Structures are given as structure tokens and as C-alpha cells.
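Since the structure is predicted, the reported quantities are computational estimates derived from the model, not experimental observations.
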Amino acid sequence: MKFGVLSLGCSKNMADMDNFMGIMIGRGHEIVKDALIADLLVIDTCGFIDDAKRESLEEIFKSISFKARNPGLKVLAVGCLVQRYFEELKSEIIEIDGLIGVTSPMTLADLIEKEEFFYHREPEVVYDYSNRVAGKYSAYVKIGDGCNRDCAFCSIPSFKGRSVSRASESVVKETLSLVKKGVKEVVLVSQDSTQYGRDLNEGLDLKGLLRKLNDLEGDFWIRLLYLHPDHVDDALVDTIISLPKVVDYFDMPVQSGSDKILKRMGRSRNSAELLEMLLGIRQKAPHAILRTTVMVGFPGESEVTFNETLDFVRTVEFDRLGGFVYSREEGTKAFGQRATVGKELATQMLETLMEEQDTISAERLSHFKGKVLTVLLEESGASYTLGRAYNSAPEVDGVVVLKGHNEEGVFLKARITETYEHDMEGVVLDELA
């Protein structure tokens, strides 16, 4: 079978699809990029917020349109949007050939080979490791999924279920496999990574998993994403800072800096407690990178609460920040709450926030000018190479541009010669002479 894959949404979906593709290739099937020669297109959907749902639907209909020129093509939508809206999609998109909810990569491969294209059961979010494809030099490894938190804005527990962790040996096997394939950065992801191990009988929590992976042989980075800020403690911070393979990069979505909004969101820590935790990391490790996500326009938002968030962001001086406008989602606690700012005003708030953050990011990044950093080289051109230092996660952060260098898949020392809002330029040390 010739099949194509499109992964939408979060990095956890990308990890799932890399595993799915590896399993399918191992069974003799072929990945193709041209829909006109494919037997099957698999679209891994996202159902988190309106924009993500809209993108998933657009890609489904775009894929269906290829049938006009490839009559034998089957289009299969899988994952979160399907899990959340299975019956609605089945009745409204009659041209689709299959709908499969949230399953493990192995289950998905089995269903496809059995041509059981309509499947909706309890979500199956974790799995044992079998085989996977590796991109270039960084790869997402899913350590768990689902969530036990009770955030008022979030629909994810309704279609992903409760938090479930992968067995540590499965994570180790996948990591070792990736390192052998040339991957230089393993990015650990989960819906909330701080919950790792609490449902297992291994006696191993996130700190223990990090130590286990750090002890593996090989020259590679470990990056940890999606830490719920309400549940980051000193012991976890100290573990991350102390392990040489784990980069000192803390990704913690605070969502707001206003006590009123945090309480309405169902978050545990108030702004003062969050500030103490974040600045405590800076005190322990001034070089550590703080990344966050902020939501604007949540019910109860006002000019006062937004300014409180702006002041919070200015005080912390996050190195990296992503922002988005609140999306009203059925099945959440906030669904019935009245919006207090319109979409247009919320969008203006987001623009103001991001403009402020651009200034902060540029200032934070300027501290690296003249410093020597280890850079993972990832993409080479005729007269340059793009790479990343520890301060940048793949896809969401900036890059380091090394002019006059064209190597890939290695770590090199480079002196940073220029910095901007998100990116840096540098020169490899052995080219300085």
C-alpha cells in the first residue's frame, strides 16, 4: 500500500505519526508525498480550539478533492477531532472513507490493514515502542498523554481521557533507537509532563525518567516540554539543572498573570506564587530559559486583568512566549460563561502582548552576543547552516544562522556575533582564526 500522512496540531500527534509510519514501513507499505499516486491518505487531526478544528476540516476536504484525479484514493481522518466529533463527522462528511478516533500507532496500523475504517472507542493514548521513522536531527518522544487537571478552558480530557504514562523502558527503547538513527535531540512531550509516572507501578516519576535517559550512552540533548506551572517544584528544577544532557529550558504555560483570571481558569497557583517559582529558577540558574503560553480573552478578562498579565510578563521577562485568543469549547467548565471582551478586542490584546514580548525577547537574547554556545546544526545551504542552541526548541523558537558553514547533524561550538528578536547569528570557533 502507498500511503501519505499529514499530522496536524501538537507535537504529540507528530510523535504518534512517526511511530505509525515506522510500523507501516516495517510491514512493507510505502510512504508517498504525492496524493495522486497514493492509495490512502491519513490525516491526524486536532480538536483543541476553533482554529485547529478549522484547519483539520480544511485539510480533510482538500484531501477528498484529490479523489477527482485519483479515483482509487481513500481518505482517512484520525485522532482528536474524530474522537471528539465522530458521529457528527460521519453524518456530515459522506465523502470520507474512514474515521478512527484516538488510538495507538499499532492499533491504527492494524485497523487499516483489516480495512476497519470506522472506529470509535475509549482513547488509547500511550503504547509500547515498536518502530518509528526519524526526521532529521530532533524528534518528539511521547512519555504520556491525557490529563488529570481541571482547567476551565480545556477540552482535552474529554477526548484524551485521564493522564496515562508510558512505561519507562518503552521510552528508553525509543530514545536509543532514535540516537542510533542520528537524532541529536530528544524532545519529551506529554499533555502535562509533571504527571509522568504517577499512574505506574515503577516507583519512577519524571525526575527518575530524566535521570534514566541522561545515563544512556550517546551524544544527544534531552529537552522537556509542557510542564504545568502549578506542579513544578524545587526538586524537579534541581534535577533538570543538574543533568548534563537535559537542556536548561523550562516550558511552563502560565496562561495569565491575573489572580482573578487564574482563579476562574481553575489554576492552583496565584501570580505571586508563580512569580516566586519562575524567578527562583532564574536565581538558581541565570542562564536557564523560561518559555510560557498566555491566553487572552478568557471570560472575566478586562483591561485591568490584561494589564496585570502584561505587568507579570514584564516582571518575569520570559525568554520565549506564545499567545492565543480564548476559544469557547463545549464540554468545558467555561463554556457557559459570558465573554467579557469581544474577539476583535481580544485580538488587539494579543497583538499588544506579542509586541511587548518581542521587545523582551530581543533584550533577553542580546545577552548571548559574544558568548560561545553549543549549536546543533540542522539544515545546510550553499553558504550557511541553520542550527539551534539550548535556548530554542524546534519549530516554536528561533534559530542560529552560521554563515559560511554547511555541515549537518553535529554539535559545534560557535560564538554568537549578532542577535535579533528571536534568532541569532554566529561563527563556528574553528573558522574564527
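In this structure, Phe66 has no ring pair (Phe, Tyr, Trp, His ring centres under 6.0 Å) partners at least two apart in sequence or on a different chain. For Tyr384, there are no side-chain hydrogen bond (donor to acceptor under 3.5 Å, both in side chains) partners, not counting sequence neighbours. Applying the side-chain hydrogen bond (donor to acceptor under 3.5 Å, both in side chains) rule to Arg149 yields the partners Asp192, Thr194, His231; only residues at least two apart in sequence or on another chain are considered. Residues passing the side chain to side chain contact (heavy atoms under 4.5 Å, CB included) test with Ser327, sequence neighbours excluded: Ile49, Asp50, Glu329. Remark: Lys62 engages no residue in a side-chain hydrogen bond (donor to acceptor under 3.5 Å, both in side chains) (not counting sequence neighbours).
For residues 343-356, every residue pair satisfying the salt bridge (charged side-chain N to carboxylate O under 4.0 Å, His left out) rule, not counting sequence neighbours, is listed here: Arg314-Glu356. Sorted by first and then second residue, the pairs that involve residues 250-265 and meet side chain to side chain donor-acceptor pair (under 3.5 Å), not counting sequence neighbours, are Ser256-Thr309, Ser258-Glu308, Asp259-Ser271, Arg264-Gln337. Within the structure, ring-ring contact (aromatic ring centres under 6.0 Å, His included) pairs that include any residue of residues 143-196 do not occur (at least two apart or interchain). Sorted by first and then second residue, the pairs that involve residues 314-369 and meet ring-ring contact (aromatic ring centres under 6.0 Å, His included), not counting sequence neighbours, are Phe298-Tyr326. Counting only residues at least two apart or on different chains, the side chain to side chain donor-acceptor pair (under 3.5 Å) pairs with a member in residues 233-243 are Asp238-Lys284. The stretch residues 234-288 participates, sequence neighbours left out, in no ring-ring contact (aromatic ring centres under 6.0 Å, His included) pair at all.
Residues Glu185 and Arg388 are paired through a salt bridge, judged by an N-O separation under 4.0 Å between the basic side chain and the carboxylate. Arg291 has no carboxylate O lying under 4.0 Å from a charged side-chain N of Asp319, or vice versa, which leaves the two without a salt bridge.
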| task | Evaluate side-chain contact (heavy atoms from CB on, under 4.5 Å) for Ile112 paired with His29, printing each intermediate quantity in order. | result | CA-CA 11 Å; Ile112 288 172; His29 303 291; over 6 Å; no
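Between Phe411 and Tyr137, the ring center distance fails the sub-6.0 Å criterion.
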Which donor-acceptor pairs under 3.5 Å do side chains of residues 208-220 form with protein atoms, sequence neighbours excluded?
unit_1 : atom_1 : unit_2 : atom_2 : d
Lys212 : NZ     : Ser168 : OG     : 3.0
Lys212 : NZ     : Glu169 : OE2    : 2.6
Asn214 : OD1    : Lys245 : N      : 2.9

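A side chain to side chain donor-acceptor pair (under 3.5 Å) with Lys142 is found for exactly one of Asp16, Asn19, Asp18, namely Asp16.
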